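Each remark here refers to the structure printed beneath this line.
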Amino acid sequence: MLGNRKMLMSLAAVCLVVTESAAQEITLGGQVRPRWEFRDPYLVTSTGGDWFVSMRARANITAALEKNVTVFVQLQDVRLWGEEGNTLGDFSADNFDLHQAYVELKKQGNTNLAARAGRQEVAFGGHRLVGTVNWSQQGRSFDAVKLSAGDERLHIDILGAVLANDLTTAFDADAHFLAAYGQVKEVGPGTLEAYGLYNKVAAAAPTSQLTMGARWFGASEKVDFRVEGSFQLGQRMDTDVSAFMFGGRVGTRLNEGKASVALWYDYLSGDDDPTDDQIKVFDTLFATNHKFYGLADYFLNIPVHTAGRGLQDVALKGSLRAADVVTIRLEAHSFHAAQSEGLSTGHFGEEFDLTAAYRYTANLGFSAGISYVMAADGFAEIGRLTENVIWTHIMMDASF
């Protein structure tokens, strides 16, 4: 483990030396983000609450080289306060990782061509199926190559990522992810996006799944909207797949844009017969589900967290900018199964989320929130929650 730490620190030092000698411009950045959380009950099987403090620390280097070449390296440490009883005895770097490291080449012109190779964050379509999961302290990044092209109206991204390599000791099967995501602006009152996402796992029970869909969204002075839908086909764990999702949002801004309210509805298909030869439950792939299905995070892994029943989410969301540096948000969700076969009720429960954010300076912000989850019988029957839950957090975010 000591060797791993020396290797990573040597890599950072080499990056500094190389970029200082070759770059036209060097930019250093970083982030420290501690977050206190309390949850009661702490676990599904527990009867009491508990709290912890997690922290993200990031340091990054951006080097602008000649001919529109950029090198970006971002190191990251994620840990819980108190997990090292004595730092004098810490001889490992288990929490230290390479979050991003890529080379990007951009060619300015009518098509704005760009190519990025290396470990990188990727987000498409509002993070619905592919997102960075920034709320999680570790976040998500891909070992990938991304090609981009477009102009003021049209844009397309092509992505190829390696998710697992059977030559390593961590995996016994290869896994890959391919994506094509296109955007066309000025389609009626909004922007139209269309995509194809392909994930493949070459295991004994292989997965070869294609997700296709579209997203249309737009905004006027007082009203904004979003409608989207996806369909999945192919094979998942050696079983045929036929699944879908659709969702919509309509909102309005009030008080000269200082307040907003929006109504959401999402439907993710479930499996009405898990014993047959077809999977009908929708897989949210690499989504940032935290921003869609309640901040208390009881639906992070779909379909696992709905026991294959799918999900219906009716939500009312509002925000208020109480001052130039203070924003208050309130969300109310009602969760139901898309397929309730085998359950006495398809009602999972309700969730209410209240959060407040305060921007102290341009580089330092604070946020706090409290969520209350009211568990219905359906939640207990799928083994997720047997009683109501209170979750609260306080977070500081300093970045430069």
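Quick caveat: nothing in here was measured; it's all calculated off a predicted structure.
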Listed pairs under 3.5 Å, donor-acceptor, residues 296-303 side chains, sequence neighbours left out:
unit_1	atom_1	unit_2	atom_2	d
Asp297	OD1	His290	ND1	2.7
Asp297	OD2	His290	ND1	3.3
Tyr298	OH	Arg39	NH1	3.2

Scan for salt bridge (charged side-chain N to carboxylate O under 4.0 Å, His left out) pairs involving residues 155-180, sequence neighbours excluded, and state none if there are none.
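Qualifying pairs: none.
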Taking salt bridge (charged side-chain N to carboxylate O under 4.0 Å, His left out) as the cut-off, I'd like each qualifying pair that reaches into residues 264-273, sequence neighbours left out, listed once.
Arg128-Asp266, Asp271-Lys280, Asp272-Lys280
Does any part of the side chain of Leu268, heavy atoms only, come nearer than 4.5 Å to the side chain of Tyr293, both counted from C-beta?
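When only atoms from C-beta onward are counted, Leu268 and Tyr293 do touch, with a gap below 4.5 Å.
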Measure the shortest side-chain to side-chain distance between Lys185 and Glu152 over non-hydrogen atoms and say whether it is less than 4.5 angstrom.
no
Not counting sequence neighbours, which residues clear side chain to side chain contact (heavy atoms under 4.5 Å, CB included) with Ile394? List them please.
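Scan of Ile394 (side chain to side chain contact (heavy atoms under 4.5 Å, CB included), adjacent residues dropped) gives Trp36, Ala368.
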Between [X] and [Y] (side chain of the first, backbone of the second, donor and acceptor by atom type, cut-off under 3.5 Å), is there such a pair?
X: Gln232; Y: Gln209; answer: no
X: Thr252; Y: Lys222; answer: yes
X: Thr361; Y: Leu364; answer: yes
X: Trp264; Y: Phe292; answer: no
X: Gln100; Y: Val73; answer: no
X: Thr207; Y: Met237; answer: yes
X: Asn388; Y: Ala375; answer: yes

Check: Tyr372/Glu350 side-chain N/O donor and acceptor closer than 3.5 Å:
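The answer is no; no qualifying pair exists.
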Thr70 and Tyr102: side chain donor to acceptor below 3.5 Å:
no
Check each of Glu193, Arg215, His155 against Gln183 using the side chain to side chain donor-acceptor pair (under 3.5 Å) test, and report the only one that passes.
Glu193
Hey, which of Tyr42, Trp391, Trp51 is the one that makes side chain to side chain donor-acceptor pair (under 3.5 Å) with Glu37?
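Of Tyr42, Trp391, Trp51, side chain to side chain donor-acceptor pair (under 3.5 Å) with Glu37 is met by Trp391 alone.
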If a pair satisfies ring pair (Phe, Tyr, Trp, His ring centres under 6.0 Å) and one of its residues is in residues 234-253, list it, with sequence neighbours excluded.
Phe244-Tyr267, Phe246-Tyr267
Show every side-chain hydrogen bond (donor to acceptor under 3.5 Å, both in side chains) that has at least one partner inside residues 112-121, sequence neighbours left out.
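As it turns out, the side-chain hydrogen bond (donor to acceptor under 3.5 Å, both in side chains) pairs with a partner in residues 112-121, which skip direct neighbours, are His99-Glu121, Glu104-Arg116, Arg119-Asp143.
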Identify, with sequence neighbours excluded, every residue that meets salt bridge (charged side-chain N to carboxylate O under 4.0 Å, His left out) alongside [X].
X: Arg226; value: Glu228
X: Arg329; value: none
X: Arg253; value: Asp224
X: Asp353; value: none

Could you pull out all residues at least two apart from His336 that satisfy ring pair (Phe, Tyr, Trp, His ring centres under 6.0 Å)?
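Listed in chain order: His347.
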Please list every donor-acceptor pair under 3.5 Å in which a side-chain atom of residues 131-140 meets a protein atom from a residue at least two apart or in another chain.
unit_1	atom_1	unit_2	atom_2	d
Asn134	OD1	Arg56	NH1	3.2
Asn134	OD1	Arg56	NH2	3.4
Ser136	OG	Gln138	OE1	2.8
Ser136	OG	Gln138	NE2	3.2
Gln137	OE1	Arg33	NE	3.0
Gln137	OE1	Arg33	NH2	3.0
Gln137	NE2	Arg33	O	3.0
Gln137	NE2	Ser54	O	3.4
Gln137	NE2	Ser54	OG	3.2
Arg140	NH1	Gly131	O	3.3
Arg140	NH1	Phe286	O	2.6

Which heavy atom of Ala214 sits nearest to which heavy atom of Tyr195, and what is that distance?
N-CE2, 3.7 Å
